[in-house]
Amino acid sequence: MKYLIILFGAPGCGKGHLSNKLITCLEKKLSQQDIQYLSTGDLIRDEIKKESQIGVCIKQFVQSGELVPDYVVDKLIANALTTSNQTLGILDGYPRTEKQLDFLGHLLTGKNVSVLTVFRDTPEDVIKERVSKRRVCAQCKKTHSVEDGCCPHCGGQSVIRKDDAVIDKRLEEYRKNTLPLWNKIDNIGATLRLDGTTEADDAAQQISDILYP
Ligand code: ADP
């Protein structure tokens, strides 16, 4: 891997949406197979859905808005990153604790990967408003807005993501464990702070221009 982009920010700040836009932008420079998108939230939800041993143990943390223990998430990331042969990686939702940051630093040591951490800095009132409108499709699991009525992708039923009902707890975890990392994350590479209320398209273009001027 040559480049690693870390998307940093509060729950509901739009990291997933920005990732999609970024992948679209980067596909003008790289082929789809050269990009590895890794979301710890998705990896965790997969384990829960599969009802794997790990999935069964961590379900309660996710549903109550708490962070999953570091050793579980570190293992998921280590497995995915060490088997990766893509040019560019996008990490969505990792690291979220100091231990995870140390673990990632360790994984990257000697690998010659250029890291760019992008902070989507978004006020909590904007986040709460967005999350209150966020729905997932019961069928295809894609995210959409309550204003769409049913799922715009497959017509499936719209449901509230279970952990969106505990957004206050998730924001508390973010303030306590994740936000303080912003002052340390420059240990592993460059950083870019973006206003999270601006259009995701513009943010994606800005990141793409930095990597491929
Ligand atoms: P959001 O960014 O909106 O919180 P995610 O889909 O990234 O949504 O995460 C959903 C949940 O998965 C989190 O609330 C947490 O329980 C768990 N999770 C995701 N990433 C991590 C991580 N790096 N460390 C610990 N728990 C995590």
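Atoms within a ligand are numbered from 1 in the order they appear, just like the ligands themselves. For the single chain, residues carry numbers from 1 onward in sequence order.
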Contact between ligand 1 and [X] is defined here as a heavy atom of the residue under 4.0 Å from a ligand atom; is it met?
{"X": "Gly65", "answer": "no"}
{"X": "Arg134", "answer": "yes"}
{"X": "Gln60", "answer": "no"}
{"X": "Arg45", "answer": "yes"}

Residue part near ligand 1, for [X], under 4.0 Å between non-hydrogen atoms:
{"X": "Val68", "result": "both"}
{"X": "Lys15", "result": "side chain"}
{"X": "Lys99", "result": "neither"}
{"X": "Asp163", "result": "side chain"}

Flag side-chain contact, heavy atom, 4.5 Å: Leu22 against Tyr37: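 A side-chain contact is absent here, since even the closest heavy-atom pair is not under 4.5 Å.
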Parallel, tilted or perpendicular, as decided by the 30° and 60° cut-offs, for the rings of Tyr212 and Tyr3: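 Perpendicular.
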Atom indices of ligand 1 within 4.0 angstrom of Thr40 heavy atoms, with elements: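 Contacts of ligand 1 toward Thr40, numbered from 1: 19 (C), 20 (N), 21 (C), 23 (N).
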Pair Thr97, Asp70: side-chain N/O donor-acceptor within cut-off below 3.5 Å: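 Yes.
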